[in-house]
Amino acid sequence: MSKKTGTKETISVFGAGWVGLVTAACFADLGFRVIVRDVIPERIAELEEGIVPFYEPGLTEMLARNRERMHFTLDVAEAVAEADVLFVCVGTPPTYSGDADLSAVWAVIDELPPLEGRAILVMKSTVPVGTGKKVRAALDERGLDHIGYVSNPEFLAEGTAIDDFMHPDRVVVGAFFESDGERVSALYKQIDAPIVRTDVFSAEMIKLASNAFLATRISFINEIANVCEVTGADVEQVAKGMGLDRRIGPHFLRAGIGFGGSCFPKDVSALKQLAGNSGYHFQLLSAVIDVNELQKRRVVGKLTQHLGSLADKTIAILGLTFKPDTDDMREAASIVLGSRLLAEGANVQAWDPMADPDSYLHGARFCESILEAVEGADAAVIVTEWNELRGLASKDVREAMRRPLIIDGRNLLDPDEVRAAGFAYECVGRPSEQHAGSAGGSAVNSERNPS
Ligand code: UGA
């Protein structure tokens, strides 16, 4: 129960990043008093003024309407003074070895002062299996054995994070003590979702295994798509036919240019390293990573089959973020693709409605509009399935391009419509012109080059 009001628990959130702010805003929206603590002074100052440092649909509005229930601070003592439950939502980026960097987690633990009553530290950050045990030991060693520990991983996807928090498929709560698990479960009682109560190790593994499995599905369907390209099958039809099998299900079977973002690449690698460090070689995950790396580069092969050498060719990269409805470019396919094209000597003209690409893709020209990006281009590559790109196969675009060639890395467009509009068109795992109506032969027909 709350130290302050005697009713709802008071929640502290450590880390005003994407997971922390979504978690804080959603708990505030559920009626909890929430204190957000971060170590970056500018971030706290901005949040006090209602400025959210990244784009997540609905978040700015949610923070604004719950402003009176929220407090932002740099001061750890202030953050914990009245808190009953302390959520750790700091970043755990990959190190060079592929392990998770837990320094921000340890910084939180090291700073914790002794607390009144039984406060509970709740780990939302994605951490290796076994972290909870180590944190428990560190707390005990510091004389903080009165602080409980619970693992409560997040399953929020960028772009839909608020909905994912409020309407989750499940809430996972892993505890060392039954009563701690009950208190954390109770925070979610207004949310209609099954609560999976586990031990701490299993909760940590559920998070990593879920992300690794979703990534595996994507690499699997991407390999199916690549085989479709050389056999004449259509991966969209294949995915539909597979997904209707309830044992398989329809989700995460969209073939494309590969997965990116701050989670899948990091977590697949972290699970592989975790297994390796424990003496087990997780072969499947090595393949998932390899397939994903190759998938980003296959576009270059498709371009060269149409254009020959890419030196001095102009290529429009349309979409830079790792998926739509975010401004996040971390591990985006656009970075690898753009860098490869620049290395081949191509001129890269890039467009994205949200990304701030300054620190990525040095040497590319960033354009304000789609039309500016395709001006004089020998090919346009769709990397992110932004809605704005649905009308790409237009007369204006065709006339602006030097060669009307579209490579659709997300199967966003209708092949028949694009070809009828006078473009040469390549996509992922759907029949090329050569295959339309017949199977067999090579997927990419270089004779289609319209120039
Ligand atoms: C992912 C998970 O979906 C969340 O459940 C999880 O909480 C989050 O990671 C995390 O660990 O924090 P996110 O990275 O935001 O969320 O994005 P996703 O929507 O899962 O997409 C990841 C990547 O896979 C994107 O590049 C997307 O384009 C790609 N993708 C997704 C495909 O290529 N095909 C698909 O069928 C689905």
Side-chain angles (χ1 to χ4, degrees), residues 15 17-23 54-57 59 89-94 100 123-127 152-165 167-172 193 204 206-226 235-236 238-240 242-243 248-271 288-289 291-293 295-296 298 319-337 355 382-386 408-412 427-429:
W18 179 78
V19 172
L21 283 182
V22 171
T23 302
F54 50 82
Y55 176 69
E56 177 62 35
L59 184 58
C89 299
V90 296
T92 53
M123 188 61 68
K124 254 213 187 298
S125 301
T126 302
V127 294
N152 172 222
E154 54 91 10
F155 300 99
L156 311 172
E158 289 188 26
T160 56
I162 289 178
D163 194 55
D164 292 341
F165 188 99
H167 307 283
D169 290 341
R170 79 307 205 181
V171 173
V172 174
E204 292 166 342
I206 288 170
K207 166 66 191 190
L208 290 175
S210 298
N211 271 4
F213 185 72
L214 291 170
T216 303
R217 282 176 71 106
I218 300 170
S219 277
F220 180 85
I221 201 67
N222 281 340
E223 291 225 276
I224 292 290
N226 299 343
V235 73
E236 304 266 296
V238 173
K240 187 174 175 201
M242 288 170 62
I248 297 173
H251 302 293
F252 280 69
L253 289 179
R254 272 182 290 116
I257 196 165
F259 59 78
S262 63
C263 304
F264 284 177
K266 163 179 84 86
D267 292 347
V268 173
S269 157
L271 181 52
V288 168
I289 294 165
V291 169
N292 197 51
E293 280 313 304
Q295 198 68 10
K296 298 178 203 167
R298 276 177 71 84
L320 296 170
T321 53
F322 81 99
K323 67 175 190 179
D325 286 328
T326 174
D327 55 4
D328 196 342
M329 273 186 72
R330 283 176 290 177
E331 299 286 333
S334 63
I335 305 172
V336 170
L337 174 63
I382 299 177
V383 179
T384 316
E385 62 274 40
W386 287 105
D408 184 351
R410 296 291 183 175
N411 289 346
L412 182 69
C427 41
V428 183

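Order of listing sets the numbers, starting from 1, for every ligand and every atom in it. In this chain, residues are counted from 1 in sequence order.
Counting only heavy atoms of the protein, atom 6 (C) of ligand 1 lies nearest to Leu156 O, 3.4 Å. Of the protein's non-hydrogen atoms, the one nearest atom 28 (O) of ligand 1 is Arg410 NH1, 3.0 Å. Phe264 CE2, 3.6 Å is the protein heavy atom nearest to atom 2 (C) of ligand 1. For atom 10 (C) of ligand 1, the nearest protein heavy atom (residue, atom name, distance) is Cys263 SG, 2.8 Å. Atom 14 (O) of ligand 1 has as its closest protein heavy atom Phe322 CE1, 3.6 Å. Closest to atom 36 (O) of ligand 1, if we only count protein heavy atoms, is Arg254 N, 2.9 Å. For atom 32 (C) of ligand 1, the closest heavy atom belonging to the protein is Ile218 CD1, 3.6 Å.
With a heavy-atom cut-off of 4.0 Å, Asn222 does not touch ligand 1 at all. With a 4.0 Å cut-off on non-hydrogen atoms, Glu158 touches ligand 1 through its backbone as well as its side chain. Contacts between Val19 and ligand 1 below 4.0 angstrom, taking non-hydrogen atoms only, are absent altogether.
Side-chain contact between Glu385 and Arg254: present, with at least one pair of heavy atoms (C-beta onward) separated by less than 4.5 Å. Looking at Leu253 and Ile248, their side chains come closer than 4.5 Å, going by heavy atoms from C-beta outward. Within the 4.5 Å cutoff, no side-chain heavy atoms of Thr23 are placed close to those of Glu154. Counting heavy atoms from C-beta on, the side chains of Phe264 and Glu331 never come closer than 4.5 Å.
Every atom of ligand 1 with a heavy atom of Asp267 under 4.0 Å away is listed here by number and element: 11 (O). Remark: ligand 1 atoms within the under-4.0 Å shell around heavy atoms of Ala157 are 3 (O), 15 (O), 16 (O). Against a heavy-atom cut-off of under 4.0 Å, Phe155 is close to the following atoms of ligand 1: 5 (O), 7 (O).
In this structure, CE on Met242 lies 6.0 Å from CD1 on Ile224, to the nearest 0.5 angstrom.
Residue contact check for ligand 1: Gly260 places a non-hydrogen atom closer than 4.0 Å to it. At a 4.0 Å cut-off, at least one heavy atom of Asn211 sits close enough to ligand 1 to count as contact.
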(request) With side-chain contact (heavy atoms from CB on, under 4.5 Å) as the test, would you mind laying out the steps for Ser210 and Arg170 before giving the verdict? (result) CA-CA 12 Å; Ser210 298; Arg170 79 307 205 181; 3.1 Å; yes
(message) For Asn211 and Phe259: C-alpha separation, side-chain torsions, deciding distance, then whether side-chain contact (heavy atoms from CB on, under 4.5 Å) applies.
(response) CA-CA 11 Å; Asn211 271 4; Phe259 59 78; over 6 Å; no
(request) Carefully, step by step, assess Lys296 and Glu293 under the rule salt bridge (charged side-chain N to carboxylate O under 4.0 Å, His left out). (result) CA-CA 6 Å; Lys296 298 178 203 167; Glu293 280 313 304; 3.0 Å; yes
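On a distance-only criterion, Phe259 and ligand 1 share no N/O pair closer than 3.5 Å. Considering backbone and side-chain atoms alike, Gly261 places every N or O at 3.5 Å or more from each N or O of ligand 1. Geometrically, ligand 1 and Thr126 share no nitrogen or oxygen pair separated by less than 3.5 Å.
Under a 3.5 Å cut-off, the side chain of Asp328 and the backbone N or O of Thr321 do not form any donor-acceptor pair. Between the side chain of Lys323 and the backbone N or O of Glu158, at least one donor-acceptor pair lies under 3.5 Å.
Within a 6.0 Å radius of CZ in Phe220, other residues, nucleotides and ligands contribute 12 heavy atoms or fewer. Within 6.0 Å of atom CZ in Phe54, more than 12 heavy atoms from other residues, nucleotides or ligands are found, so the atom counts as buried in its surroundings.
Compare Lys207, Glu331, Glu385, Lys323 by their heavy atoms: the one nearest to atom 21 (O) of ligand 1 is in Lys323.
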